[in-house]
Structure formats: structure tokens, C-alpha cells
Protein chains: 2
Amino acid sequence: MEEQKKRILLVEDDPNFGTVLKDYLMMNDYEVTHAKNGMEGFEKFKKDDFDLCILDVMMPYKDGFTLAKEIRDKNTDVPIIFLTAKTMKEDVLRGYKVGADDYLNKPFDSEVLLMKIKAIIQRKATETISDSKQFEFKIGSFDLNSKLRFLRFKGGDPLKLSPKENELLRLLALHENDLMPRELALTKIWRDDNYFTSRSMDVYIAKLRKYLKPDEKVEILNIHGEGFRLVVNS
Amino acid sequence: MEEQKKRILLVEDDPNFGTVLKDYLMMNDYEVTHAKNGMEGFEKFKKDDFDLCILDVMMPYKDGFTLAKEIRDKNTDVPIIFLTAKTMKEDVLRGYKVGADDYLNKPFDSEVLLMKIKAIIQRKATETISDSKQFEFKIGSFDLNSKLRFLRFKGGDPLKLSPKENELLRLLALHENDLMPRELALTKIWRDDNYFTSRSMDVYIAKLRKYLKPDEKVEILNIHGEGFRLVVNS
DNA sequence: CTTCCCTTTTAACCTTACATTAACAAAAAT
DNA sequence: ATTTTTGTTAATGTAAGGTTAAAAGGGAAG
């Protein structure tokens, strides 16, 4: 059963150690983004959604704590694990202060790290209850519930949407009446922008158009070379 | 306002170390129950509600893991911290398997322990908001008593549920009409998310559907790749 | 220790759901 | 005019879920 891979942001300045760790994590089915310093780490963090951050404490320019604090300011929820050089009590305490979820002393056992990662990610998974209103949209006379993945026309029987259909329609709805760039959907939903994913997206646009036909006020327009626009005519 | 003191169950066979640790925790405003071995630990656990369990791994008669497993069977939520004699990888891994939240190697720094305790208790506190003591549910014309593990249809003869059936139905009921993520059930009930546990869960879903058949208004819907939804149609 | 019963997991087989790719048509851009 | 982009439908391959049955565990009682 292919689960969605969990995404990890790894910030580690030692290139050897960083690469080894990255490879190890990737071998264990995580999608890893490796940043070589605090600056880069923060940039990458802002660009993407991660399920976990692993931060080295000792780094030039911007140490792990400072980075963690910045990350916490943007997002109070991502779990953070610190890698500390050795048992430095101050480090550990400071880490917890900025809201770390755990720490590991180098050198550490890789299997233990894996277990911690698993435990932490699972923990977060159970916490995530519901931010309901993020997931409900009105599109003309349709109701889209993108958490339960259905589309209902005027209180009729809900039409089940596939994950991709759902995500795409949701993105369009988020940009209602505005341009939803092709590239955006491809990078956010397909996580890759190439000929095939692009054609795949077109197929999904066709499906959505079919679903939305019952309300002739709602249409998905193409903006050649740019993307699509979900419009609701009054 | 006087905060309710957090209750800790400390199971540690070394009388000296145990007493010192207990005193230290009490000095830091925790209410501590100290059990000298696994048996006693379990007895005390059953008698009271605790916010956290700290278990020594190495104990005569009943080691920390066995105890943890018993505790987990009774309560899937209490955080557990293990104290391991030294960095024994096997211990650590085994600990996580039975659902530990963390572990500490002896000798450890007491301040670090305090931080961990604080972090863990806080974590649970944010998780456990409304989800407190919900053990009785109305599901269409069924009554589920998940404390006694039975399901009754319109006041008829109660059907006895197995532990897993019960837990699963309870989770579904807690999320009635909403998505109950697969991952949630697997991590909370099966404590592991892999192909086999996932298939096992499907088997249980089939069983529950059979049990719920008498009321055709009640159904368990699948949301492909996400989880299940217990719906009660009006 | 063995047997029995209850629970859970594993296996097997089948159905449904999804995403991708191909193929061809139509628009739009150059 | 012809190259690129988009529209649409259908075919294909794979993964997830439904269901039943058999195997494996585990605890209590004999």
C-alpha cells in the first residue's frame, strides 16, 4: 500500500554527514530536502510543507536554535528534532525552550533516529483533528467539501472526487475568478512539471468540466500558456 | 488560580534512586505515586488516572516493557517514558514499539527529565481537549458502550465486541460523519502502520459493517486512500 | 502440558478506484 | 502553414479496498 511519503527538511552543514543521513532517510521512504545552512534551511522551509524538520544545532551563520525560532514563528506545529554535538545540557534545555520535539546526541544510532521520526510523525498525525472551514467551498450552486472529497449540486447526491480531482478543484476554487497558474498546480499537486504531468492535468480539467456542467454559470476557462480560471457568472 | 497538579506514576525498583527521583519530582510540583515493581505498578495504575508514567526497564518479576504493554491495553493515551540502564539500542527500539513517548538513559540529568516531562504533558494536554471521557455513543439505533464493549440494537440483546472491534468502532463514532483517517486508527489501535496492519483493519471494517447492517441508515463509507467515514443518514 | 475458545493476523481472490499514457481533434500562436 | 498547446475519450496498469476463510496467538481451564 503506497502511502504518501513524508517530507523531511534536513538542515546540516557537514556535507558528508548530511549526505549520508539524507540517503539513509531516503532509503527509508522519506522525501528529504537537504539544506546546507540555516539561511538555506529557512528558504526551503518557506517554499514547501514539511512533516518534520531535523536541525543541526552547530552551524555557521545561523545556528539551529535561531532557525528553529524562525520556523516556529511561521508554523507552530511542525515537529523539530535537534542534532546536538554531544550531551550539552544547555543545548538540550534551550532546544526544548524553542519548542523542540526531541533531540539526539551525535553520534547517534540511525535506527533510533528512525524510530523517533516515526513516533513523532505519528504523534502529530493523531493530533491533527480538523480545521474544518479550510476545506469547504461554494462554487456557484455546488458545494465542495475537499476534506471528505465530494462535490454536491444543490443538495443532491454528492459526487465522489478522486484525490487529484479534489486537489485540483480546490486549487481552482482558492483562486476563484482569478488565474490559477498551470505551474502552481503541477508543482503543488503533481510535484513535478513535465510534459506528461501537464497532459495528465489537462485530463483532470476535462473531468472537472464534466462534473461542473450541471451549473452552466460555472466554467473553467483556459488562459493559453498560463493556466486556468474558475469563473462563476452571475 | 491553583493548577491541578499533574500525576505521575513512577515505577522503579531501586529504592534509593526511586525515592530521590520521587522527591525531586514532588519538589517540582508533581504528584508522584511510587511503585517498587511491575506488579505494584500495574495495580496502582488501574486504581488511578495518571498524566504520565515513568517506567524503569530493568525490574524483577515484571520488566518495564511488559508493564507498558499492559498499561497500553488499558489506556492508549497515557504518555510513557522509559528509563534504560544505558544506551541499549534494543531497549530503545522495543520501547518505541510498545508505544513509548520517550526514553532516558541512566544516569540522566534531572533538568532534562523535567523538560521532557513538561514537553510531553503539554503535548498531551493540547491533544486531549474534548476527547476526554467518551465511552458511550448513539449510532443510529445502536448504542455503543465502549467501556463494557458491547453494541446494542434498539434495546435488543447486546452484541459483545472484541477489543479491536470496539476500539475501531469507537474511533469511528468519535468522528461521526467525518473522516476517520486510516493512519489514525492504525497508530492509535494497531500502533504500527504497515501493509498487514492495514489489511487487518480492513477485515475489522468488514466485521463492523456486518454488525451495523440491521440499521440501514448507518454505514461505513470509504474515502479512498484516506480512511473511513461513519455516517448516519436521516 | 494439552485442549479449547476467542481474538487477531495472514492469505487469497475479487472488485473498484485512480492516475497515466496514448491517440486524435481542435484552438491558438508563430 | 505548421508548430504548440489544449480538449476529450479511451485503454492500461497498478494500488486500495471488500470479503471470506484459514492459520496463528494467547489465555483459561482441565
Without decimals, in angstroms, what is the distance between [X] [atom1] and [N] [atom2]?
X      : N      : atom1 : atom2 : result
B:E167 : C:dT8  : CD    : P     : 10 Å
A:R229 : D:dG7  : CZ    : P     : 14 Å
B:N222 : C:dC18 : CG    : C1'   : 13 Å
B:E226 : C:dA17 : CD    : C1'   : 13 Å

remark   = Residue set satisfying ring pair (Phe, Tyr, Trp, His ring centres under 6.0 Å) with A:F45, at least two apart, ordered chain then number -> none
Nucleotides 28-30 of chain C: which of its N/O atoms have a protein N/O under 3.5 Å away?
none

Could you identify which residues of [range] place a heavy atom less than 4.0 Å from some atom of DNA chain D, listed by residue number, or say none?
range                       : result
residues 202-220 of chain A : A:D202, A:V203, A:R209, A:K210
residues 156-164 of chain B : none
residues 182-199 of chain A : A:R182, A:R199

inquiry  = If you apply the rule ring pair (Phe, Tyr, Trp, His ring centres under 6.0 Å), what do you find for B:F82 with B:F65, and how did you get there?
reply    = CA-CA 9 Å; B:F82 280 116; B:F65 297 128; 5.1 Å; yes
ask   = So, A:K138 and A:D143, do they make that salt bridge, N to O below 4.0 Å?
value = yes
task = Identify which one of A:K5, A:R7, A:K22 satisfies the salt bridge (charged side-chain N to carboxylate O under 4.0 Å, His left out) criterion when paired with A:E31.
result = A:R7
ask   = Hey, does A:I117 have a side-chain heavy atom less than 4.5 Å from the side chain of A:L52?
value = yes
request  = Compute the bend angle of the helix from C:dC1-D:dG30 to C:dT30-D:dA1 from the end axes (five pairs per end), rounded to 10°.
outcome  = 40°
